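Sequence lines set the chain letters: A, B, ... in the order given, protein chains first and strands last, and positions in each chain run from 1. Quick caveat, the model's predicted, so the values are computed rather than measured.
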There are 2 protein chains.
Amino acid sequence: MKRIAESTVRRLSLYLGFLEDINRRGTTTVSSEELAKLGGTTSAQVRKDLSLFGSFGKRGLGYSVTELLERLRRIMGLERRWRVCIIGAGKIGAALAQYEGFSQRGFDVVAVYDSNPARVGEALGDLHVRDVAFFERDAESEKFDIAVLAIPARGAQKMAERVARAGIAAILNFVPGQLTAPPKVAMRTVNMAMELEALSFALTNRD
Amino acid sequence: MKRIAESTVRRLSLYLGFLEDINRRGTTTVSSEELAKLGGTTSAQVRKDLSLFGSFGKRGLGYSVTELLERLRRIMGLERRWRVCIIGAGKIGAALAQYEGFSQRGFDVVAVYDSNPARVGEALGDLHVRDVAFFERDAESEKFDIAVLAIPARGAQKMAERVARAGIAAILNFVPGQLTAPPKVAMRTVNMAMELEALSFALTNRD
DNA sequence: ACATGTGAACTGCTTCACAGCG
DNA sequence: CGCTGTGAAGCAGTTCACATGT
């Protein structure tokens, strides 16, 4: 399959959200123009994005909401559920562990780890924090698909490599600081400080 | 000033982080090649990014770490500190309120709001949660620069408009769902579900 | 008539390659 | 000589515009 731009993937994810709303409202048909308006883009962009994966619409009419929903779910890999482990039970890790939004979208947080003995055993929702020493053992039996890294920068690179060695091919990275994805691992980084700095830049350099 | 691409801003923020590390180590000079390696980009890209704002380097030698640090801080608007309020004291809002990374980078969380009476008054670090009914009154006297929205999707658009009307020109948006930035407001969105979906896509469509 | 699907044109970011200067 | 700064070239993503199918 041809390479898909990251911006396209982001938009597909957006469209999927819109379609879920639209479907809940009982609307059965949607045009590229309507999706474009919701997503702040153009109808041509929507059609181009979808056309990368096939022709799902009916000329003169638009797209069937349920059909497009199903197609997009398949494209995004959301026909199945994903097993997520969180590494780091600090403020952010703990908040993520209890965030309901994940399971609603098909991601089940099935384990939380920390290296701090004071935190091990602590309850987070219906999980309890495990010692990260057991991470490799568990990864083998529990088949984690995605690891969320929510630990301090120091030691994070080592941990990322442990994750990769344990056979996990995707990392969601909340580490504040430099982290290089191990080979063959898909990584997405969320860096709060960087987002705030972008706002600082925008405020400082407006018009 | 000419328009700066979002990708460029993200990289400048990265370079800034690297320079802080490098400076802490006592190194005084850095080349575009070294910054490129740290940031996973090319030396030409680094030079191009910096050249958008001036010529800070010395040919044959590289960049003075302290000078480039100062220049970048000025460019990013980080010579001053920014006053941040958080709206929503749920899991994510509470975690953000207590996240030390913000103040380290120049962002002071000075207030947290919630609409739920059960949460109002609760202590978060050395702040206590205020009733969002007082948001407008406080915004006037406390001069918030940036609002972090960490509330459910329902009602978020209204809240964004209250933020804008209160004269705050920047929003960091953690709302899971559609949110349109009010006119003249700079907004950055962090959507965890979208990041996970991008990983799902990558895992499903690899090679 | 209407909205999709898609080559072609366009825009803008990235990479190249080298002149310029310490 | 080495590394920056930068026009020019290359490439990727977006927008245009229209032929196509219903």
Side-chain angles (χ1 to χ4, degrees), chain A residues 1-15 18-19 22 27-72 75 194 198 201-202 205, chain B residues 1-15 18-19 22 27-72 75 194 198 201-202 205:
Chain A
M1 183 196 277
K2 81 174 72 53
R3 200 195 146 269
I4 304 298
E6 173 170 324
S7 51
T8 303
V9 176
R10 178 185 268 93
R11 285 192 301 269
L12 291 176
S13 186
L14 265 181
Y15 304 156
F18 300 151
L19 284 166
I22 292 167
T27 307
T28 61
T29 272
V30 68
S31 70
S32 56
E33 184 57 41
E34 296 172 279
L35 286 174
K37 237 171 234 149
L38 290 169
T41 181
T42 65
S43 62
Q45 181 73 79
V46 173
R47 294 198 300 278
K48 190 65 107 181
D49 288 339
L50 298 178
S51 77
L52 296 171
F53 301 93
S55 312
F56 311 138
K58 296 191 203 340
R59 289 166 197 257
L61 182 59
Y63 301 87
S64 151
V65 172
T66 51
E67 190 198 331
L68 189 52
L69 205 41
E70 167 148 348
R71 299 292 200 128
L72 274 182
I75 289 164
M194 197 172 290
F201 179 87
N205 300 280
Chain B
M1 179 197 281
K2 83 173 71 53
R3 200 195 148 268
I4 304 297
E6 172 170 324
S7 51
T8 303
V9 177
R10 177 180 270 97
R11 283 192 301 269
L12 291 175
S13 186
L14 265 181
Y15 304 156
F18 300 151
L19 285 166
I22 291 167
T27 306
T28 60
T29 271
V30 69
S31 68
S32 56
E33 183 58 39
E34 297 173 279
L35 286 174
K37 237 171 234 150
L38 289 169
T41 180
T42 66
S43 62
Q45 181 73 79
V46 172
R47 294 197 299 278
K48 190 65 106 181
D49 288 340
L50 297 177
S51 77
L52 295 170
F53 301 93
S55 311
F56 311 137
K58 296 191 204 338
R59 290 165 196 257
L61 182 59
Y63 301 88
S64 150
V65 172
T66 52
E67 191 198 331
L68 189 52
L69 206 40
E70 168 148 348
R71 298 293 199 126
L72 275 181
I75 290 165
M194 199 173 290
F201 180 87
N205 301 280

Taking atom [atom1] of [X] and atom [atom2] of [Y], what is their separation to the nearest 0.5 Å?
X	Y	atom1	atom2	answer
B:K37	B:T42	NZ	OG1	12.0 Å
B:E34	B:L19	CD	CG	10.5 Å
B:I75	B:L50	CD1	CG	7.0 Å
A:T8	B:F201	OG1	CZ	8.5 Å
A:R11	B:M194	CZ	CE	11.5 Å
A:Q45	A:S7	CD	OG	7.0 Å

query = For B:E70, does the CD atom have more than 12 heavy-atom neighbours from other residues, nucleotides or ligands under 6.0 Å away?
reply = no

request  = Scan residues 48-63 of chain B against DNA chain D and write down, sorted by residue number, each residue with any heavy atom closer than 4.0 Å; if none is found, say none.
outcome  = B:K48, B:S51, B:S55, B:F56, B:G57, B:K58, B:R59, B:G60, B:L61, B:G62, B:Y63

Output the rounded distance in Å from [atom1] ([X]) to [atom2] ([N]).
X	N	atom1	atom2	result
B:R47	C:dC13	CZ	C1'	16 Å
A:L12	D:dG13	CG	P	13 Å
B:E67	D:dT4	CD	P	13 Å

query = Do the non-hydrogen side-chain atoms of B:L38 and B:I22 ever get within less than 4.5 Å of each other?
reply = yes

query = With a 4.5 Å limit on heavy-atom distance, are the side chains of B:L35 and B:L68 in contact?
reply = yes

request  = For DNA chain C, determine which residues of residues 2-10 of chain B have any heavy atom closer than 4.0 angstrom to one of its atoms, and list them numerically.
outcome  = B:R3, B:A5, B:S7

inquiry  = What residues from residues 27-43 of chain A pass a heavy-atom cutoff of under 4.0 Å to DNA chain C?
reply    = A:S31, A:S32

request  = Could you tell me whether the phosphate oxygens of C:dT15, OP1 or OP2, come under 4.0 Å of any side-chain nitrogen or oxygen in B:Q45?
outcome  = yes

message = Restricting to non-hydrogen atoms, name the atom on A:R47 and the atom on A:Y63 that form the minimum distance, rounded to 0.1 Å.
response = CG-OH, 3.8 Å

